[in-house]
Amino acid sequence: MFVQSSLSDKSTFFQKLRSLDYIMLLTILIIGIISSFAMYSTDGGELRYHSESHIIRFVVFFTMMIFISFINIKTWHTLGYLFYIIVLGLLIWASLFGITAQGSQRWINLYFINLQPSELMKIAIIVCFAKYYHRIQITHVNRIRNIIAPILILIIPISLVISQPDLGTSILIALSGIIVLWLAGVNIKYFFYSSLVFIISAPFVISFLKPYQKLRILTFFDPDKDPLGAGYQIIQSKIAVGSGGLTGKGFLKGTQGYLEFLPEKHTDFIFTLFSEEFGFIGSLLLLTLYAILIFRILKIGTLSRSFFGKFFCFGFGSAIFVYITVNMAMVLGLLPIVGSPLPIMSYGGSSMLATMIGLGIVMSTKIYSRQLIS
Amino acid sequence: MIGSGEDSGFKKSNTINRRMFIFAAAKAVVFFGIVGRLFSLQINENKKYLTLSDKNRLREARLPPVRGEFEDYFGNRIAKNLTVYQLHVVPEQVEDFKTLIVRLKDILNLSNSHLKELIKKKNKQKPWETLIVSENLTWDEFSKINFYLHELSGARPVLTVGRNYPYSETFTHVLGYVSEASVEDLVSNETIKERNVPGLRVGKTGLEKALEKELIGTNGVQRFEVNAYGKRINQIEFKEGEKGKTIRLTIDTEIQKYTQELLNKRAGSISIMDIYTGEIIAMNSSPSFDPNLFLYGIEKNKWNEIKKDPLKPLLNKTVSGLYSPGSTIKPLVALSALENDVITPNLKVNCRGHKHPLELYGMKYHCWKKQGHGYMSLQNAIKQSCDTYFYEAARLLGVDRLNETAKKFGLGNVVLGEYFNEKKGVVPSTKWKKEAIGQNWYLGETLINGIGQGYIQTTPLQLCLMTAQLANGGHKIYPKIIYENNQENIETIKQKMKFAEQNQLEDLNFLSATEKLFKKNQKTYDALYRNKENVKFVLDAMFRSTNETYGTSFSSRIEDPKYQFAGKTGTAQVKRITEAERELDLKTDQIPYKERDHAWYIAFGPYKNPRYAVSILVEHGGSGSSTAAPIAKKLFKFVIDRHELREKTKKKKLASTDI
């Protein structure tokens, strides 16, 4: 134990630099570059507000990720709960004094950035659970006390986010948490029962939803019912993707995009725009890049000596996967439209910040993979 | 402790890895699901979505077709196209109609009543139908609209084609007029329906209506890329429409204008025809109105004024007005009687004046001349228009034989066919009366039929055709108002012209020459006579009627052989003259307007080398000799003076078609 920890302590800066996962870094960079081009296209082929700030954010947060990589994984373990509590505090702050936009109060004005704490919560919940289950022995996992506590940890932020209201993010937070619960070895029967309860109670839950949220869910089942209203986004998105064909319409030539038929093309529908311009081949390339990224994250998790690292990498890698698939399934008309950005690609500072923090912790797990945490 | 810890750690690690593996497997499945969905959208259904995407972004705008124009015989434009600036609004595409209208009101200084009418119109039509806010903007207004366009979302400044008739009312009854296409136009004419655009002008009457299919032209098409808000981003394609056919008429604008002047706003009609080619040189119905008034919809009070005018400006009297021909029928009655060998030119009838009228079954038949004409020969009877003689001639001839001749010479049938709303008129027969009225024919009706009264009804153009077919030696011609290069064999026309130059009517060769010429093409130029001498006799009598003392139009004669013409007057009663009125013998201006006689004159000239036939009608103008014949005198001078120019133009055209 001593030897191992002293080994990592002793490693020089160069050793640390060399142990960075360069494949992962390269993948992130490529996705970042692709996202910059996509953003450039949403600005109509000019370097305007969206593309400019997206590129700046990517560069800043990418650099920040490298810095985070060099923070000892132990520190993250130590600060795990604090991180969660701070983000929770920000969430409460947002609920009380946040900025309201498009009928939802989810931002805090930090002057240099409008921070969306719910995005950070997607990471914080994983860090928090990773720390929680790091210590607990496998035999104790299914004790009632150890079931109730994580559920509380999970439910508080979710209910805050739902009340903003922001259905999409709250679902993603829930999924992030549930993934770690699953990995930690929570009995399958709990998942089974709770999903049963969820299905039965779904109609009641839906009746509590805001009218626009209800409409979105109904629209998912029949988008053609109101093609100019609620179904518009799904229909236009499918048209854009479908008309892209094998090779796409070409960079800056996506008519659905630049003629503004695509809604929210900067954020949730960025993949649609990309897919229209670069077609099936382009989309497949992007999916492959994401697959490589996720694969690298999971691989780092496997090599990590600490449970904290394992939980975090597996949790975060799986969460990234969930974000990607939910977003894509949504724009391809396989899931109802709920706000969920595509990691790295979508415009949005908080989402980018959260993703980069997560990737930074993963990278730090790689560098300090031999670090044991008591 | 450490051991169990390690053991527990191992177990925990196992659990994590196992669960991670299950999860990863699920991930792979979902990943392939996404790829499958992409494949189905982008590869399998690519075509469908490509079409939908094009439907999203492309809009087609149909441009108004450019209407063909009208030219007169010499190529002068008599109906032109104008560029018109309009403002259209599609209510469906407007966010706030009221705001837009108020803003437009400020910019264009629209009146309140105009606004009210607009809103009324808007409420009547479907929201996606174009509302024409302003039909005819000035250039200034149009540029103003374009300047403010960014704040007038939904307003569309439009360039369209309008009609202009530079000669105003001169050609109204020939060309008709155009106005906005109505629902009836769309229903009745497929071509209009096919090419309709908001604000399209289509023909409502006359040639504008009859030739709609040729005139209308085809739509230009503009394809635009639009964004999600329907805003035009750029033009993808522009296909120019084909302009409608420009149609050349046989009419001479100067003569047409002159006929207008001669009629001088009196109700009446003048038509002039080339006796060989059947070309209508002028055709006027008076009074007329300005067709330009209808382009943007006529104002109500102006329309009422035109509609209620007792002189009926809306009626094209030349082809749709029906009148008793009066004495102008006499040459035809004479010809019919001669042709049927009922009488000889030597038959003498004693006309004894009003004291001794012809009596038949208790009815009295008066000659127009109070003192009577005395013993009349046929020639004199035509020359002096003796009614008594023609009572006798008609009695001998019978109504059915006259009917046959009259129909041959073009009465009782349309002259130009499909172009106008022509009336056929009535040429009575015993059979006709039985069918139309259901009564037997009375002999007395034959008598008054012989002087062009009673059931017989003709249009001025029919009488013009009749005169032309007499004047050309009794040959059938096919009247036309549209100049067509290839309708007649060019050689035939040339020969005809040469012949017309060389031959003179007095020369007996004339008739045989005409005969030869027309016989060349039996089908088109049937001889209408049995014995050509009979035709010559009638023409000669008409000459005497104009150029010898006691002739009814002697006072209107021209002695210069260049202009000398021959004609026949007519004075058609519009009501039966009672005994009391006959006693009074009132002057025309002492009788109420509606009861005055119609004045007729038919003529051809120049006599020695005839080319033109005219028919003149002045409604309620009194006697033919005092009202209608003097018009002919002025007209022949004018027409014959322009003859050279017309021939020259024709030769030039023929020469150009030869090549």
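Nothing here was measured: the structure is a model prediction, and the numbers come from that model. Convention: sequence-line order gives letters A, B, ...; per-chain numbering from 1.
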Can you give me the closest heavy-atom contact between B/L50 and A/S243, atom names plus distance? CD1-O, 3.0 Å
Is it the backbone or the side chain of B/T51 that comes under 4.5 Å from a heavy atom of chain A, or both, or neither? neither
For the candidates A/G244, A/S275, A/A184, A/A329, which exhibits the highest count of non-hydrogen atom pairs separated by less than 4.5 Å from chain B? A/S275
Under a 4.5 Å cut-off applied to non-hydrogen side-chain atoms, are B/L38 and A/M328 in contact? no
I need the residue from A/F295, A/W182, A/Y258 with the largest number of non-hydrogen atom pairs under 4.5 Å to chain B. A/W182
Interchain contact, A/F280 with chain B, by part (heavy-atom threshold 4.5 Å): both
Sub-3.5 Å donor-acceptor pair from the side chain of A/K238 to the main-chain atoms of B/Y49, do we have one? no
Rounding to 0.5 Å, atoms CE (B/M20) and CZ (A/F311) come to a distance of 12.0 Å
Check each atom of B/I43 against the heavy atoms of chain A and say whether the ones under 4.5 Å are side chain, backbone, both or neither. side chain
Test side-chain contact (heavy atoms from CB on, under 4.5 Å) on B/F31 and A/F321; report intermediate values, then the result. CA-CA 9 Å; B/F31 231 94; A/F321 169 83; 3.2 Å; yes
Residues at least two apart in sequence or cross-chain that pass side-chain hydrogen bond (donor to acceptor under 3.5 Å, both in side chains) with B/D54, listed by chain then number, are B/R57
Please classify the contact between A/H140 and chain B as side chain, backbone, both or neither, with a heavy-atom cut-off of under 4.5 Å. neither
